[in-house]
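Every value quoted in this text rests on a predicted model; they were computed, and no experiment measured them. Read the numbers this way: they start at 1 and go in the same order the structure lists the ligands and their atoms.
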Amino acid sequence: MFKAILIDKQDERQRVALTTLDESQLPDGDVTVRVECSTLNYKDALAITGKGPVVRQFPMVPGIDLAGTVEQSSHDDYAPGDAVLLNGWGVGEQHWGGLAGRARLEGRWLIPHPEAFTPRQSMAIGTAGYTAMLSVMALERQGVTPEHGEVLVTGASGGVGSYAIALLARLGYMVVASTGRLEEAEYLEGLGAREVIDRRELSEPGRPMARERWAGVIDSVGSHTLANALAATRYGGTVAACGLAQGMDLPASVAPFILRGVTLAGVDSVMRPREDRLEAWRRLGELLVPEQLDAITRTIGLEDAIGEADALLAGRIRGRLVVDVTR
Ligand code: NDP
């Protein structure tokens, strides 16, 4: 028996509760994992609150990330006792996820747990940090280097934003952080931001082209913010789009693409091929320092995760929430 958060839907009403499950109730898969830690991502909060169409079938155990130890395996690459990590692949959306004491998964979704981190640390990073790393890699692959100039990070005090700032700063980029929480300026500067700007400068409808400022952008916000970021990206610059905290729309023009050769690079973490996952986690291990992880992390229990989901969607959570599933 193990504890789990379970989301169910009856008569169009979603219910979510902390419950106790039996291993025989777990879905099919070739690896059973004893989960140690999970985390609360934006997507998990949408699933738990029912405020976004994340859950594709009910009942569902949410949790798109997990770190734990293999208990049983019929997959060639994994044996009992192996430390493993999972991000995405539709887990927590269409396959039971990490906000539970046990998970049964496809071995091909797993990667060996990165040696650089403890499970608590890897979950402090979670999909947010892994997506931030993929976004940095997207800028690098388009040739954006620190010498090119300022890089804008939007949604700065959120999970993806916080990690994007830390990673870019560590790599020597000059980071400008856009936030709606100017009172968090000290926190953002502590992560490595050179300048903190009010997100209202970017969140209203703007012109198709603006003064060239950004060599690169990591945008977790979408909508007018992404449009304005594109409009102010310098000749040949790249914008990595990974989120939609402001909105899913993109009210922009083609002007930055055809007049300034700007690249809009989409970043998906969920279905990402294994090689990119391994590279992203290897580089996270090289670039992040444990003290930084501690500074942006708070640990909560399974039951707390239900209540914190609303706060996360309301933008009241700074940094990352690790869920200790044994609590
Ligand atoms: P968080 O909730 O931790 O952070 C989002 C941040 O966006 C907030 O902290 C806030 O930052 C800002 N924000 C919130 N609402 C608005 C608004 N209305 N207008 C402008 N800014 C706003 O979420 P995550 O960092 O975990 O995720 C960020 C986004 O990235 C989400 O949309 C998520 O779905 C997406 N995502 C995508 C992935 C992918 O694979 N492509 C993977 C992971 C996440 P501040 O207070 O500093 O302004």
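- Ranking the protein heavy atoms by distance from atom 44 (C) of ligand 1 puts V160 CG2, 3.9 Å first.
- Taking the six-membered ring where the residue is Trp, the centroids of W89 and H95 are separated by 6.0 Å or more.
- Per-residue contacts place L312 under 4.0 angstrom from the following atoms of ligand 1 (heavy atoms of the residue considered): 2 (O).
- Between R199 and ligand 1, at least one pair of N/O atoms sits closer than 3.5 Å.
- When atom types are taken as modelled, the side chain of S220 and the backbone of T154 share a donor-acceptor pair closer than 3.5 angstrom.
- Ligand 1 lies less than 4.0 angstrom from a heavy atom belonging to A156.
- At under 3.5 Å, a nitrogen or oxygen of G159, whether backbone or side chain, sits near a nitrogen or oxygen of ligand 1.
- Nearest heavy-atom pair, L40 versus E308, reported as atom, atom and distance to 0.1 Å: CD2-CB, 3.9 Å.
- Atom 2 (O) of ligand 1 has Y42 CD1, 3.2 Å as its closest protein atom, hydrogens excluded (heavy atom only).
- At the top of the distance list for atom 29 (C) of ligand 1, counting protein heavy atoms only, stands S220 O, 3.4 Å.
- A continuous path of Ile, Leu, Val, Met, Phe, Trp and Tyr side chains, each step under 4.5 Å between heavy atoms, connects L302 with L312, placing both in one hydrophobic cluster.
- Shown are D65, T39, T131; of these, the side chain to side chain donor-acceptor pair (under 3.5 Å) with N87 is made only by D65.
- Remark: side-chain polar atoms of R320 are paired, donor with acceptor, to backbone N or O of M123 under 3.5 angstrom.
- Under 4.0 angstrom from ligand 1, the non-hydrogen atoms of L244 come from both its backbone and its side chain.
- For the pair V221 and ligand 1, a heavy-atom separation below 4.0 Å is found.
- Ring geometry, W281 versus F117: the interplanar angle exceeds 60°, so the pair is classed perpendicular (tilted spans 30 to 60°).
- In terms of modelled atom types and a separation under 3.5 Å, the side chain of N41 and the main chain of D44 share no donor-acceptor contact.
- Counting protein heavy atoms only, atom 30 (O) of ligand 1 is closest to G243 CA, 3.4 Å.
- Near V267, meaning under 4.0 Å from any of its heavy atoms, are these atoms of ligand 1: 39 (C), 41 (N).
- In the hydrophobic clustering of this structure, W109 groups with M60; members are Ile, Leu, Val, Met, Phe, Trp, Tyr whose side-chain heavy atoms approach within less than 4.5 Å, directly or through other members.
- Here ring pair (Phe, Tyr, Trp, His ring centres under 6.0 Å) pairs that include residues 21-79, with residues two or more places apart or in two chains, are H75-Y78.
- Close approach to T127 involves these atoms of ligand 1, each under 4.0 Å from a residue heavy atom: 42 (C), 43 (C).
- Close N/O approach between I317 and ligand 1 is not found [any backbone or side-chain N/O within under 3.5 Å].
- With respect to V144, the side chain to side chain contact (heavy atoms under 4.5 Å, CB included) criterion is satisfied by exactly one of V136, V239, T238, T263: T238.
- Not one N or O on the side chain of N228 forms a donor-acceptor pair closer than 3.5 Å with the backbone of T225.
- Of all the heavy atoms of T154, none lies under 4.0 Å from any atom of ligand 1, so neither backbone nor side chain is involved.
- The nearest protein atom to atom 9 (O) of ligand 1, hydrogens excluded, is given as R181 NH2, 2.9 Å; this is a heavy-atom distance.
- When only interatomic distances are considered, the shortest N/O to N/O separation between N41 and ligand 1 does not fall below 3.5 Å.
- In terms of protein heavy atoms, atom 36 (N) of ligand 1 is closest to C242 O, 3.5 Å.
- For ligand 1, one of its N or O atoms has an N or O atom of G180 under 3.5 Å away.
- Ranking protein heavy atoms by distance to atom 15 (N) of ligand 1, first place goes to A245 O, 3.7 Å.
- Heavy atoms from both the backbone and the side chain of T179 come within less than 4.0 Å of ligand 1.
- In summary, the atoms of ligand 1 found under 4.0 Å from a heavy atom of Q246, numbered by their order in the structure, are 17 (C), 18 (N), 19 (N), 20 (C).
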Verdict with reasoning, T69 to E36, per side chain to side chain donor-acceptor pair (under 3.5 Å): CA-CA 8 Å; T69 307; E36 280 170 55; 3.0 Å; yes
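- Close approach of ligand 1 to G155 is summarised as follows: ligand atoms under 4.0 Å from at least one heavy atom of the residue are 6 (C), 7 (O), 11 (O), 12 (C), 47 (O).
- Of the possible polar contacts, none joining the R199 side chain to the R181 backbone as a donor-acceptor pair under 3.5 Å is found.
- Atoms of ligand 1 found under 4.0 Å from any heavy atom of S269, numbered from 1 in the order shown, are 39 (C), 40 (O), 42 (C).
- When only non-hydrogen protein atoms are considered, atom 42 (C) of ligand 1 lies nearest to T131 OG1, 3.1 Å.
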